[in-house]
Amino acid sequence: MKRVNFKTMLLCARTDFFKWLFNARMITLAGLAVFIYTCAVEPLFANSEIMGKPLNVFEPYIAALNSGSLILIIPLGFLAISSDFPLVDRSTMSGVIRTGRVNWFFGQLMDLFMMCAAYLLFIFAASVIPAVFGGVWDTEWSEVAVYFGMEFPEYAWNFGALLLPKNLYNQLSLFDAAVQSTVFVFIYLVLLGMILLFFTTIGKKTAGVIVCGGVITAGSALCSINSQIMWALPTANSIVWLHYTEFRREPVYPVWCSYAYFGALLAVLTVISFITLKKMNFTEGRYD
């Protein structure tokens, strides 16, 4: 058992993070950027042109993290580029001998946080950069978001008008909506990574990818039919506007319940992954 060392954890995390960052799978992000532009940026700017009013540059980002379509694509995109997390190859054993299992484990957690943050930063850039050229920087919701449906009732149900529902701009400030959306999606991605980490420690990495894919698709399907069962899966808990009604202050589902939900799942996955780590065979990546 090696001595627990923060610098060792950080070095392990940094090494694996850069391996992930320069992985050939990152080409997938080009397709994700196209989806974000098509499903979040373009529809909002189309409404902005109809109304003749500027869009807030942050609104496409908020729309992307709350879109019924993108809440399926965004986690699937993360799974596509991170399905080999944690990376266990022939060089891993020598690295674990030098660092120790505990330092390696917490290094993987740091790596996971860095991966999720970098992925969300990419989504932010893909949403905001196209909006900079035709939007405005402001701390308030734009007139396009709030009044478009009232001024143009014939377009009130078009795709762009539904991207920012009343549940968001009537209940939360622009800043609160952006922060809460970012935090919830970040935790959602971390949870997916923890599932992959657990299944890797028991030598069933492929099963972990399948479970994550099932959780994502089942959660999105339940959200689309607005079933109460959806709160049992992370997708609904990560969509901010689903927690609120359009006008009443009383929430549909308290936000603190979602934080408790994610916290409990992450705690359980961390503990059982740490326990099963003791029996993991790093030379073959399987559970003894």
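Between F274 and F105, the ring-plane angle classifies as perpendicular under the 30° and 60° cut-offs.
Contact annotation: the side chain of L192 approaches that of P75 to within less than 4.5 Å [non-hydrogen atoms, C-beta and beyond]. Residues N158 and F148 meet the side-chain proximity criterion, which asks for heavy atoms closer than 4.5 Å. Looking at H243 and W231, their side chains come closer than 4.5 Å, going by heavy atoms from C-beta outward.
Between V144 and M51, the shortest heavy-atom distance links the atoms CA-SD, 3.6 Å. Residues W141 and L172 come closest through the heavy atom pair NE1-O, 2.9 Å. Residue L79 comes nearest to I216 through the heavy atom pair CD2-CD1, 4.3 Å, listed as atom of the first residue, atom of the second, then distance. Closest heavy-atom contact between L163 and P43: CD1-CB, 4.0 Å. The two residues N56 and T139 have their closest heavy-atom pair at ND2-N, 4.4 Å. Nearest approach of F122 to A33, heavy atoms of both residues: CZ-CB, 3.9 Å.
Atom CD of E140 is surrounded by 12 or fewer heavy atoms from other residues, nucleotides or ligands within 6.0 Å. For CG of L162, the number of neighbouring non-hydrogen atoms (other residues, nucleotides, ligands) closer than 6.0 Å is greater than 12. Few gaps surround CZ on F17; more than 12 heavy atoms of other groups in view lie less than 6.0 Å from it. Dense packing is recorded around CZ of F186, with more than 12 heavy atoms of other residues, nucleotides or ligands lying under 6.0 Å away. Within a 6.0 Å radius of OH in Y147, no more than 12 heavy atoms belonging to other residues, nucleotides or ligands are found. Under a cut-off of 6.0 angstrom, the local environment of CD1 in I225 is crowded, with over 12 non-hydrogen atoms contributed by other residues, nucleotides or ligands. Heavy-atom neighbours of F175 CZ from other residues, nucleotides or ligands within 6.0 Å: at or below the threshold of 12.
Applying the salt bridge (charged side-chain N to carboxylate O under 4.0 Å, His left out) criterion to R25, with sequence neighbours excluded, gives D84.
A ring pair (Phe, Tyr, Trp, His ring centres under 6.0 Å) with F184 is found for one member of W241, Y259, Y261 and no other, namely Y259.
Under 3.5 Å, the side chains of S181 and Y61 contain no donor-acceptor pair of N or O atoms.
At least one donor-acceptor pair under 3.5 Å links the side chain of T270 to the backbone N or O of L266.
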